[in-house]
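To start, the structure itself, in structure tokens.
Quantities reported herein were computed from a predicted structural model and do not represent experimental measurements.
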Amino acid sequence: MALLVQLLTLALALALGPTATLAGPAKSPYQMVLQHSRLRGRQHGPNVCAVQKVIGTNKKYFTNCKQWYQRKICGKSTVISYECCPGYEKVPGEKGCPAALPLSNLYETLGVVGSTTTQLYTDRTEKLRPEMEGPGSFTIFAPSNEAWAFLPAEVLDSLVSNVNIELLNALRYHMVDRRVLTDELKHGMALTSMYQNSNIQIHHYPNGIVTVNCARLLKADHHATNGVVHLIDKVISTVTNNIQQIIEIEDTFETLRAAVAASGLNTLLEGDGQFTFLAPTNEAFEKIPAETLNRILGDPEALRDLLNNHILKSAMCAEAIVAGLSMETLEGTTLEVGCSGDMLTINGKAVISNKDILATNGVIHFIDELLIPDSAKTLLELAAESDVSTAIDLLRQAGLSTHLSGKEHLTFLAPLNSVFKDGVPHIDDQMKTLLLNHMVKEQLASKYLYHGQTLDTLGGKKLRVFVYRNSLCIENSCIAAHDKRGRYGTLFTMDRMLTPPMGTVMDVLKGDNRFSMLVAAIQSAGLMETLNREGAYTVFAPTNEAFQAMPLEELNKLLANAKELTSILKYHIGDEILVSGGIGALVRLKSLQGDKLEVSSKNNVVSVNKEPVAETDIMATNGVVYAINSVLQPPANRPQERGDELADSALEIFKQASAFSRSAQRSVRLAPVYQRLLERMKH
């Protein structure tokens with residue numbers, strides 16, 4: 001139970017973040033992960049830390065809560081081992097690691113923490129060992145024995161061949177002339193080394209990983225009498241070039257150099273800051289079609305967007321990535337940066353060929369595939385990546401696809417492929433005009449659309465925008481996916497083909513033989529003017545079949561009673577435009593008669609007052625028409641509902657009578673109410 005309480009407390013501290021804990025000074029991400037590892041290892045004795053080791057490698061990590069349960073690092077399985085936490089050691093015959101490591105000087109501490117090779121090379125220099133054993137206060141980022149072993153032979157040879165200059169300078173670059181503990185190692189800071197005051201770059205990530213010039217800190221805060229030792233997994237070297245200078249000297253960046261110069265981003269890349277540049281190689285540029293490449297290279301704005309999409313807002317060393325995370329680019333897009341074993345991935349693809357090239361203002365990773373943002377693409381390129389290929393084929397057949405590849409500012413309302421599951425329409429003049437009406441004459445963003453807005457199309461039509469609680473529609477078609485905003489145009493993915501309005505509601509009804517009896521009834525009721533003028537109506541239009549299904553006597557009686565006919569027809573007319581995509585589960589639509597219509601949608605079937613609709617979304621300039629095969633009755637005309645209303649009245653009277661039953665005087669007052677109910681029952 002005590003362990004559970006501590007784990008919950010730690011989880012809360014992690015949620016609050018390093019700047020706000022329940023009590024005491026704020027802990028750094030590294031310290032919180034170390035604390036979690038200590039709690040997980042507590043069952044094995046005091047000062048025991050749980051460590052995750054990647055199977056098949058020598059890589060070890062102190063474990064955070066998420067990794068503990070997933071048991072994976074970069075997609076690779078791990079095993080849990082238990083070791084003494086930094087600064088402690090075992091005692092024969094006792095459980096755990098009860099003893100603190102003996103405090104000695106820096107030189108001797110190197111051997112204790114597993115950096116005996118650093119000790120050895122320190123011995124070879126004439127000056128450094130006395131300094132490490134003498135008075136003072138120093139910090140050394142000591143490479144592990146494995147780090148020295150992985151150093152290229154030619155680099156190591158150059159160091160040991162000149163121990164009092166090259167080797168001494170290399171070791172001094174790993175040192176700082178004061179004590180620096182992990183709680184002082186802040187993300188993006190630079191420490192001044194003991195070699196020519198050269199900077200050492202520190203990055204302290206939210207997942208608890210700390211890097212020193214992109215070398216991972218393995219074990220930290222080993223105190224010595226004259227300083228502190230941090231064990232790291234690489235031998236680090238001085239950093240002198242900024243990102244721009246590295247691009248200038250690398251042969252594989254020939255095309256990138258030209259692109260940076262043309263975009264004007266060289267000032268950013270040689271200035272201050274801490275960026276991650278996912279630098280595309282010559283091979284990356286060669287993979288895209290020459291026409292696309294030339295278009296982007298010749299368009300400074302598209303080129304700038306392209307390059308900004310390769311620059312992350314903060315420095316991200318490969319060693320800090322142990323799982324997928326979302327990172328924002330200077331372009332404003334989000335890239336999924338992850339790892340698979342030893343390979344870094346971008347958006348799930350292993351496209352990074354060389355990693356952790358350190359610069360004074362960040363870090364470079366070489367990538368072999370261009371990351372082209374939507375903002376640098378044509379509408380045709382955007383559509384090719386979306387589920388609208390059938391619509392694109394129709395445009396090509398109609399000779400209209402050039403509208404999507406040029407510099408016109410357009411919005412393409414592209415129906416999903418699933419819209420054409422029952423067949424692809426034949427291209428004729430009418431279809432060509434319809435396709436032109438799917439192209440709006442300006443580049444839009446759906447977040448700025450508003451209810452009642454009108455949009456002009458290339459086909460000469462005006463389309464209306466309808467905003468509903470859970471959908472955004474243009475005429476009868478609703479937006480089915482997020483916008484894709486390109487260089488000049490925007491792609492709206494739509495859930496059906498548009499049917500632009502072809503006349504008023506009366507024009508629609510007159511032009512369809514199914515509604516001849518309804519048209520006659522509307523004329524008789526004097527509603528033609530209403531349905532011909534400007535407005536916003538939803539008309540549930542009974543077909544001839546609906547009228548013919550009524551008993552002949554009832555039909556004749558209705559047609560002979562102008563007042564009743566007008567009331568019933570007004571009940572079929574909603575006082576706003578409701579297309580089927582805006583219905584959701586249930587909408588109560590007020591009619592011109594005053595009562596409300598219950599419009600619902602389930603399994604792609606639209607119903608009104610529980611009666612299925614025969615055809616939806618027949619668009620008119622002043623409304624929308626739904627064909628129905630029954631004549632709707634207002635609530636007051638429905639026998640069952642009248643009975644329900646009387647029953648409700650009786651129930652209410654019963655409640656009142658019960659409430660006042662203790663007072664005979666009050667009961668008498670109910671007599672008129674009973675009388676009114678009896679009179680209503682007679683009728």
Side-chain angles (χ1 to χ4, degrees), residues 242-244 246-247 250 252-271 273-318 321 324-338 344-355 357 359 361-386 443 445 482-491:
N242 57 47
I243 293 175
Q244 178 63 28
I246 293 174
I247 293 171
E250 285 287 342
T252 191
F253 292 146
E254 183 180 356
T255 309
L256 178 60
R257 279 196 293 276
V260 168
S263 68
L265 282 176
N266 48 322
T267 303
L268 172 74
L269 298 180
E270 64 190 12
Q274 283 292 304
F275 304 108
T276 300
F277 192 18
L278 305 171
T281 61
N282 294 337
E283 180 184 344
F285 284 99
E286 290 165 1
K287 286 181 179 178
I288 68 170
E291 181 183 354
T292 301
L293 178 59
N294 292 334
R295 176 183 61 78
I296 294 176
L297 291 177
D299 182 345
E301 185 172 336
L303 183 57
R304 193 159 42 251
D305 289 349
L306 170 70
L307 294 177
N308 279 336
N309 199 51
H310 290 73
I311 304 173
L312 305 180
K313 288 185 172 181
S314 61
M316 178 59 68
C317 296
I321 301 170
L325 68 159
S326 297
M327 299 200 67
E328 190 177 358
T329 69
L330 293 187
E331 171 58 14
T333 58
T334 299
L335 298 178
E336 294 297 321
V337 182
L344 284 186
T345 60
I346 304 295
N347 295 338
K349 295 182 179 180
V351 295
I352 294 178
S353 56
N354 195 2
K355 57 191 179 184
I357 311 303
N361 56 349
V363 61
I364 299 176
H365 305 299
F366 294 25
I367 64 169
D368 292 333
E369 188 171 304
L370 274 184
L371 309 172
I372 306 177
D374 287 350
S375 59
K377 295 175 183 175
T378 65
L379 263 175
L380 201 59
E381 290 165 348
L382 291 175
E385 300 169 355
S386 306
Q443 187 175 15
H482 292 297
D483 308 1
K484 283 184 170 291
R485 187 176 178 84
R487 176 66 180 91
Y488 296 104
T490 300
L491 181 74

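Residues Met327 and Ser314 come closest through the heavy atom pair CE-OG, 3.6 Å.
Between Ile346 and Val337, some side-chain heavy-atom pair lies under the 4.5 Å cut-off. Side-chain contact between Asn354 and Thr252 is absent, with no heavy atoms from C-beta onward closer than 4.5 Å. Within the 4.5 Å cutoff, no side-chain heavy atoms of Phe277 are placed close to those of Ile246.
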Distance-only donor-acceptor hits, side chain of residues 361-372, under 3.5 Å, sequence neighbours excluded:
{"from": "Asn361", "atom 1": "OD1", "to": "Ile243", "atom 2": "N", "distance (Å)": "3.0"}
{"from": "Asn361", "atom 1": "ND2", "to": "Leu269", "atom 2": "O", "distance (Å)": "2.8"}
{"from": "Asn361", "atom 1": "ND2", "to": "Gly271", "atom 2": "O", "distance (Å)": "3.0"}
{"from": "His365", "atom 1": "ND1", "to": "Asp356", "atom 2": "N", "distance (Å)": "3.0"}
{"from": "His365", "atom 1": "NE2", "to": "Met316", "atom 2": "O", "distance (Å)": "2.9"}
{"from": "Asp368", "atom 1": "OD1", "to": "Thr281", "atom 2": "OG1", "distance (Å)": "2.9"}
{"from": "Asp368", "atom 1": "OD1", "to": "Ser353", "atom 2": "OG", "distance (Å)": "3.4"}
{"from": "Asp368", "atom 1": "OD2", "to": "Ser353", "atom 2": "OG", "distance (Å)": "3.4"}
{"from": "Glu369", "atom 1": "OE2", "to": "Lys349", "atom 2": "NZ", "distance (Å)": "3.1"}

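A donor atom on one side chain and an acceptor atom on the other are found under 3.5 Å apart for Glu336 and Ser326.
Between the Gln443 side chain and the Gly486 main chain, a donor and an acceptor come within less than 3.5 Å of each other. Although no hydrogens or angles enter the test, the distance criterion places no donor-acceptor pair under 3.5 Å between the side chain of Asp299 and the main chain of Arg295. Panel note: side chain Thr329, backbone His310; no donor-acceptor pair is recorded below 3.5 Å. Side chain of Asp483 to backbone of Arg485: no donor-acceptor contact under 3.5 angstrom is found.
In this structure, CG in Leu306 is found 9.0 Å from OG in Ser263, a value given to the nearest 0.5 Å.
A salt bridge links Lys287 with Glu283; the closest basic N to acidic carboxylate O contact falls under 4.0 Å.
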